[in-house]
There are 4 protein chains.
Amino acid sequence: MRLGEDERRAQIVAATLAVVARYGYTNTSTTLIAVEAGVSKGLLWHYFADKTELMKQSVIVATTGISAELANEIDVTAPPPDIIRGAIRWIAAWSVEHREELRAMDQITRGLREKNGNPAFSLADYEPTYRDQEALFRRGQELGYFRPFDTRVMAVTYQGAIDMMLSYADSHPETEVEQYAEALIDIVLAAVRA
Amino acid sequence: MRLGEDERRAQIVAATLAVVARYGYTNTSTTLIAVEAGVSKGLLWHYFADKTELMKQSVIVATTGISAELANEIDVTAPPPDIIRGAIRWIAAWSVEHREELRAMDQITRGLREKNGNPAFSLADYEPTYRDQEALFRRGQELGYFRPFDTRVMAVTYQGAIDMMLSYADSHPETEVEQYAEALIDIVLAAVRA
Amino acid sequence: MRLGEDERRAQIVAATLAVVARYGYTNTSTTLIAVEAGVSKGLLWHYFADKTELMKQSVIVATTGISAELANEIDVTAPPPDIIRGAIRWIAAWSVEHREELRAMDQITRGLREKNGNPAFSLADYEPTYRDQEALFRRGQELGYFRPFDTRVMAVTYQGAIDMMLSYADSHPETEVEQYAEALIDIVLAAVRA
Amino acid sequence: MRLGEDERRAQIVAATLAVVARYGYTNTSTTLIAVEAGVSKGLLWHYFADKTELMKQSVIVATTGISAELANEIDVTAPPPDIIRGAIRWIAAWSVEHREELRAMDQITRGLREKNGNPAFSLADYEPTYRDQEALFRRGQELGYFRPFDTRVMAVTYQGAIDMMLSYADSHPETEVEQYAEALIDIVLAAVRA
DNA sequence: CATGAATGAGCGTTCATTCAT
DNA sequence: AATGAATGAACGCTCATTCAT
């Protein structure tokens with residue numbers, strides 16, 4: 001069957017994310033991806049230079065989508081505590097629908113290496129996110145909502161707390177994510193509150 | 001050379017951790033491990049059923065060691081806030097000396113899969129740790145040091161905050177870990193304080 | 001663009017020779033040939049049954065061209081020793097300008113195999129050349145220029161001597177081909193002279 | 001079945017030469033070699049670093065053997081014309097028994113490339129042979145057996161004439177090699193005779 | 001108990017060839 | 001006639017695992 005270039009790329013990227021989510025980064029072979037996508041192995045190299053390139057593209061496609069979605073939901077002029085409440089709730093809800101995608105991205109970002117063996121991604125790639133969150137915390141401090149604290153360490157911890165929520169919900173399927181989110185909101189706000 | 005079973009196992013496990021730390025999880029072959037341990041390739045399979053089993057055992061040995069070390073340092077009868085302070089400081093200091101070992105364990109726990117593709121480790125393996133920490137938080141609440149909060153979510157978040165500190169320090173080498181630790185202590189205590 | 005069948009074949013054959021000369025026989029892919037010819041990959045198979053066929057045709061086209069050029073230069077009524085002198089000098093001069101083409105043809109003729117593994121070319125394909133040269137030697141003998149000798153062995157040796165000159169000049173770039181040619185003429189004429 | 005290291009290497013080298021002789025250099029895959037040797041594919045990498053290394057070793061093993069055999073046969077104190085007679089006769093006889101080996105060596109030396117694409121062997125590797133033969137021709141000139149001529153061009157031509165004899169006999173199976181050898185001796189001696 | 005030669009499945013990748021458009 | 005997306009067989013090579021010694 002013949003498809004347009006964009007559909008094929010999307011299809012292969014989706015298959016990549018699915019396979020990584022299901023079998024883990026180290027067990028993901030191009031054979032498995034091709035089977036999942038329902039195409040021949042050879043076709044992968046028609047669209048992607050090599051496996052690393054395919055993995056990178058997959059992460060980029062996924063993260064771009066999520067960021068855009070979240071940005072859409074947030075009212076940046078709201079009081080900072082409300083923004084935190086809203087963001088945690090939205091992510092918790094969103095994660096229920098995108099468990100696989102999350103798992104895949106986690107695996108790839110942690111596992112992918114450059115040719116020289118260095119990680120292709122690292123926490124350094126969170127930098128823009130950290131900066132946004134630091135700005136949020138600083139605004140909260142300036143407006144008197146938040147007490148003084150190290151905004152960088154808070155941003156790292158905050159982001160980690162959200163990632164842990166998603167991981168914990170993933171490995172403990174009985175978890176009520178909405179309840180977890182409320183408990184986490186309580187903890188985060190207690191930590192920052194003036 | 002003939003050794004007792006336990007010495008052999010320990011020797012091989014140590015070699016595994018060393019190789020993973022040095023070359024990374026994905027570049028760790030059993031051949032490399034055998035060379036590092038100074039034994040023949042075949043001998044590995046006398047002591048471990050397969051590579052996955054070997055990796056699992058290595059992680060367990062390493063984490064058990066760390067836990068024991070930490071437990072040694074902590075005075076469980078001290079006031080809970082002091083325990084938290086002490087623990088975070090000790091881990092921060094310890095991590096500086098054991099960066100490679102940490103990286104190895106991180107890579108194995110995140111990358112290792114069973115034959116069927118399921119993760120060999122998950123947050124479920126943190127269960128004993130979570131329980132210990134919940135006990136600590138509950139004691140703090142009972143003694144009036146801490147406000148009421150969801151102790152399970154707090155334990156997960158707390159453990160995550162510490163892991164993030166280690167990861168962040170690893171990927172941002174300019175970080176002053178001691179300062180980071182103090183800032184984190186401030187945040188954690190603010191979150192729990194009555 | 002639509003072209004007549006013959007133009008297309010010629011265009012593709014020329015591209016094949018160019019690619020083999022530039023990248024070497026083993027690195028020559030049909031994709032590369034198609035790009036060089038400026039046509040699509042698929043079009044190749046309208047005009048040539050398979051890669052082997054394409055290569056064969058290319059060699060034949062090239063050798064036919066060279067033979068025609070040489071035949072043009074030779075005065076077949078001249079005394080045989082003069083013909084030999086002229087031919088060796090002409091080939092030596094010609095080779096300087098066509099090093100790449102020579103290399104390509106050498107590589108194809110030696111490397112190309114039929115599906116069953118048999119060489120696609122062999123010295124048997126020199127047969128017409130050998131016959132022409134035997135005729136020349138026989139004429140030289142009849143006219144009293146040349147002593148009696150085995151004309152077939154002489155033809156094979158003579159052709160080999162010329163090929164060696166080209167190969168030697170190719171692998172020893174400091175060689176003065178004109179001087180080599182004169183020394184070779186001296187040797188050949190000594191071998192045949194009455 | 002278990003073999004000593006040297007037997008295995010020899011067996012694999014022999015298989016390599018056989019496969020190259022039969023299917024040609026470019027069609028020689030490691031799979032084919034392993035099948036021919038009757039061992040598993042993986043075993044090849046136990047004994048040879050890569051395919052190129054295996055090919056190189058095979059050529060070296062083969063040429064070393066031949067040179068030693070020939071050197072054994074030649075009386076270097078004999079008159080130069082007798083040496084030439086003896087050598088051509090010996091090689092002609094020897095070639096009948098070693099047709100396959102010859103074909104393989106020819107293919108490998110012409111086809112093998114370094115990683116960078118340059119030929120791994122070239123006529124430059126004939127240099128020691130050329131020097132030996134130049135010495136022989138010079139001795140013949142000094143002793144008055146031979147007329148003056150360019151000894152380098154003569155050596156190249158002489159070596160080429162012998163190679164052509166072997167190739168011609170290979171591609172024209174009806175050839176009587178002994179007769180060819182006598183005719184060639186006649187030609188060579190005519191070319192050098194004082 | 002211990003070795004390391006030997007196996008074989010699987011890897012990422014290439015590429016001649018086919019075929020829907 | 002012409003395209004290039006798609007296929008699939010084969011490639012060189014790696015490596016966990018087995019087993020004769």
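Atoms considered below: every heavy atom in the structure, side chains included; atoms not considered: hydrogens, waters and symmetry mates. A, B, ... follow the sequence lines: proteins, then strands. Residue 1 opens every chain.
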Taking Watson-Crick (N1-N3 plus N6-O4 or O6-N4) and G-U wobble (N1-O2, O6-N3), each under 3.5 Å, can you produce the dot-bracket string of DNA chain E? Use [ ] for crossing pairs and | for inter-strand ones.
.||||||||||||||||||||
For DNA chain F, whose closest nucleotide is more 5', that of A/Gly38 or that of D/Leu32?
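Between the two, 5'-proximity favours A/Gly38.
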Between A/Leu44 and B/Thr52, which residue's closest nucleotide on DNA chain F lies nearer the 5′ terminus?
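Nearer the 5' end of the strand: A/Leu44.
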[X] [atom1] - [N] [atom2] separation (whole Å):
{"X": "A/Glu53", "N": "E/dT13", "atom1": "CD", "atom2": "C1'", "value": "15 Å"}
{"X": "B/Leu54", "N": "F/dA16", "atom1": "CG", "atom2": "P", "value": "10 Å"}
{"X": "A/Tyr23", "N": "E/dG10", "atom1": "OH", "atom2": "P", "value": "13 Å"}
{"X": "D/Glu5", "N": "F/dA20", "atom1": "CD", "atom2": "P", "value": "21 Å"}
{"X": "B/Met55", "N": "F/dC15", "atom1": "CE", "atom2": "P", "value": "12 Å"}
{"X": "B/Ile12", "N": "F/dA16", "atom1": "CD1", "atom2": "C1'", "value": "15 Å"}
{"X": "A/Asn27", "N": "F/dC15", "atom1": "CG", "atom2": "P", "value": "15 Å"}
{"X": "B/Lys51", "N": "F/dC15", "atom1": "NZ", "atom2": "P", "value": "8 Å"}

What distance do D/Gln107 atom CD and D/Met55 atom CE have between them, rounded to the nearest 0.5 Å?
9.5 Å
Tell me what [X] touches on the nucleic acid: a base, only sugar-phosphate, or nothing, going by heavy atoms under 4.0 Å.
{"X": "C/Lys41", "answer": "base"}
{"X": "A/Tyr47", "answer": "sugar-phosphate"}
{"X": "A/Thr28", "answer": "sugar-phosphate"}

[N], OP1 or OP2 - any side-chain N/O from [X] closer than 4.0 Å?
{"X": "C/Ser29", "N": "E/dT14", "result": "no"}
{"X": "C/Ser40", "N": "F/dG4", "result": "no"}
{"X": "C/Arg8", "N": "F/dA1", "result": "no"}
{"X": "A/His46", "N": "F/dA6", "result": "no"}
{"X": "B/Lys115", "N": "F/dT17", "result": "yes"}
{"X": "A/Thr31", "N": "E/dG10", "result": "no"}

I want to check something: taking the side chain as every heavy atom from C-beta on, are [X] and [Y] in contact at a cut-off of under 4.5 Å?
{"X": "B/Tyr47", "Y": "B/Leu54", "value": "no"}
{"X": "A/His46", "Y": "A/Arg8", "value": "no"}
{"X": "C/Arg22", "Y": "C/Asn27", "value": "no"}

Select from A/Leu43 and B/Trp45 the residue whose nearest nucleotide in DNA chain E is closer to the 5' end of that strand.
B/Trp45
Validate the cation-pi geometry between D/Arg103 and D/Tyr25: distance from NZ or CZ to the six-membered ring centre under 6.0 Å, angle to the ring axis within 45°.
no
Do other residues, nucleotides or ligands put more than 12 heavy atoms under 6.0 Å from D/Lys56 NZ?
no
A/Glu53 and A/Gln57: side chain donor to acceptor below 3.5 Å
yes
Are C/Asn118 and D/Tyr23 close enough that a side-chain donor and a side-chain acceptor fall under 3.5 Å?
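No.
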